[in-house]
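Every value quoted in this text rests on a predicted model; they were computed, and no experiment measured them. Below, all heavy atoms of this structure are taken into account, side chains as well, without hydrogens, waters or symmetry copies.
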Amino acid sequence: MAFGGENAESYHDEGLTAMIKGDVAAAVQFFNRAIQLDASYIASYHQLGKCYLRLGQLQKALDILRQVVSRKPNLATAKIDLGYAYLGMNATEEARAQFGGVLESHPDNARANLGMAHVCFHVGAWENAVAFAQAARMQGAANFATLYVLGRAAKLAGMTVIAEDALNEAELVIEKSVEMTPDSPEGHYLRGEVCFAQGRYVQALEHYRAAEDRADPKKSYMAFGENFGRVDIMVKRGLCLQRMGSIETARDLGKQILAIAPEHKIAKSLADL
């Protein structure tokens, strides 16, 4: 029984508390119980969708968040979360529609601008991605997710100074996260991502190794909008080794990954080096 009693509101509150503590699996149970007690409790549906998004269970997140937006079409936060679920499924046009719909009525929404930056990055519109990321940053979202996409997009757009400033700032942000939770893989992986984006492959390799050592092979992780699992970390290690000229080691790692994920395209490329 929830602390506040056997009712939807109490289980919803327990779910929110579990999410704050980072226990997303427990939060799923609490929100599901809230929905069982009150099928009309839309807030729990929304939070349940967010839980599945954080767990990397994108189809479940998508199905639930579609329901929420259908029932609450003016709920901007749900539309943005649905946009990220679509983005995770590589449905960029559907994601664009959700983020763009929010920006039509709320052009200063930082999360919607950041979402559009991710959409533009996915389709290779680097300069547009920079513009949306800068808008998100100006509106108060100077977090890792904003700085990371800004830095990568600016680098690909040839905006060297903006790229380096953003990526350096992103690294400072994620360093603090690692200091707070050194045993979690998320911060180590994202430090590796920043170093990889900067072409610092030796340092990236070290951070990816640290992330892999801490990652549960059965779990998916999400941090600052980035989804990954242990296989993704291994692939990034392989790409570092390739960039560093350690072709044989990269090839062997590619074969190891294929034993786990036989259809992984990048792993196949590594194995064929």
Side-chain angles (χ1 to χ4, degrees), residues 54-59 87-92 118 120-126 129 144-145 147-158 160 163-164 166-168 170-171 174-175 177-178 181-273:
R54 286 181 61 178
L55 291 169
Q57 299 181 34
L58 299 175
Q59 188 61 57
L87 198 58
M89 300 285 283
N90 294 315
T92 52
H118 282 291
C120 293
F121 189 90
H122 272 250
V123 300
W126 316 125
F144 177 85
L147 295 166
Y148 181 49
V149 72
L150 173 59
R152 288 185 297 156
K155 185 173 183 178
L156 290 165
T160 307
E164 285 304 308
L167 289 171
N168 286 337
E171 186 170 23
I174 208 62
E175 279 178 1
S177 177
V178 172
T181 56
D183 296 326
S184 298
E186 292 93 334
H188 297 284
Y189 176 76
L190 293 178
R191 284 194 74 180
E193 291 285 81
V194 172
C195 291
F196 189 90
Q198 292 176 314
R200 297 160 51 205
Y201 301 120
V202 174
Q203 294 92 330
L205 188 60
E206 292 175 359
H207 296 310
Y208 289 138
R209 284 187 186 278
E212 188 176 343
D213 288 343
R214 292 162 174 80
D216 185 336
K218 297 180 181 179
K219 289 182 64 176
S220 294
Y221 297 90
M222 182 176 182
F224 298 101
E226 301 295 322
N227 288 292
F228 67 95
R230 197 164 185 266
V231 166
D232 300 300
I233 303 171
M234 295 172 71
V235 167
K236 285 299 179 74
R237 280 210 298 116
L239 292 174
C240 283
L241 292 165
Q242 180 189 17
R243 302 289 199 283
M244 293 163 59
S246 300
I247 302 302
E248 185 175 346
T249 308
R251 186 188 303 121
D252 290 343
L253 183 55
K255 293 176 181 178
Q256 291 177 38
I257 298 167
L258 288 176
I260 304 168
E263 300 303 317
H264 201 292
K265 293 180 179 180
I266 299 177
K268 288 181 179 178
S269 297
L270 291 170
D272 291 337
L273 287 174

Go through it in stages, so that I can follow the logic: the residues are Phe196 and Arg243, the test is side chain to side chain contact (heavy atoms under 4.5 Å, CB included), and I'd like the CA-CA distance, side-chain angles, deciding distance and then a yes or no.
CA-CA 10 Å; Phe196 189 90; Arg243 302 289 199 283; 3.7 Å; yes

Could you pull out all residues at least two apart from [X] that satisfy salt bridge (Lys or Arg N to Asp or Glu O under 4.0 Å)?
{"X": "Lys268", "answer": "Glu263"}
{"X": "Glu186", "answer": "none"}
{"X": "Arg237", "answer": "Glu212"}

Let me confirm one number: the CD1-CD distance from Ile247 to Gln242, rounded to the nearest 0.5 Å.
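Separation between the atoms: 5.5 Å.
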
[X]: partners by side-chain contact (heavy atoms from CB on, under 4.5 Å), with sequence neighbours left out:
{"X": "Val231", "result": "Val235, Ile257, Ile260, Ala261, His264"}
{"X": "Asn168", "result": "Glu164, Gln198"}
{"X": "Ala129", "result": "Cys120, Phe121, Ala153"}
{"X": "Gln203", "result": "Cys195, Arg200"}

With sequence neighbours excluded, give me every salt bridge (Lys or Arg N to Asp or Glu O under 4.0 Å) pair touching residues 247-261.
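Matches after skipping sequence neighbours: none remain.
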
Please determine which of Leu253, Leu270, Leu205 meets the side chain to side chain contact (heavy atoms under 4.5 Å, CB included) test together with Leu239.
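Passing option: Leu270.
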
With Tyr208 via ring-ring contact (aromatic ring centres under 6.0 Å, His included) - residues at least two apart:
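For Tyr208, the residues satisfying ring-ring contact (aromatic ring centres under 6.0 Å, His included) (neighbours in sequence not counted) are Tyr189.
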
Does [X] have any side-chain hydrogen bond (donor to acceptor under 3.5 Å, both in side chains) partners at least two apart in sequence or in another chain, and if so, which?
{"X": "Lys236", "result": "Glu193"}
{"X": "Asp213", "result": "none"}
{"X": "Glu206", "result": "none"}

If you define the side chain from C-beta out and look only at heavy atoms, does anything of Leu167 sit under 4.5 Å from Leu147?
no

Is the closest side-chain heavy-atom distance between Val178 and Glu175 below 4.5 Å?
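No, too far: nothing below the 4.5 Å cut-off.
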
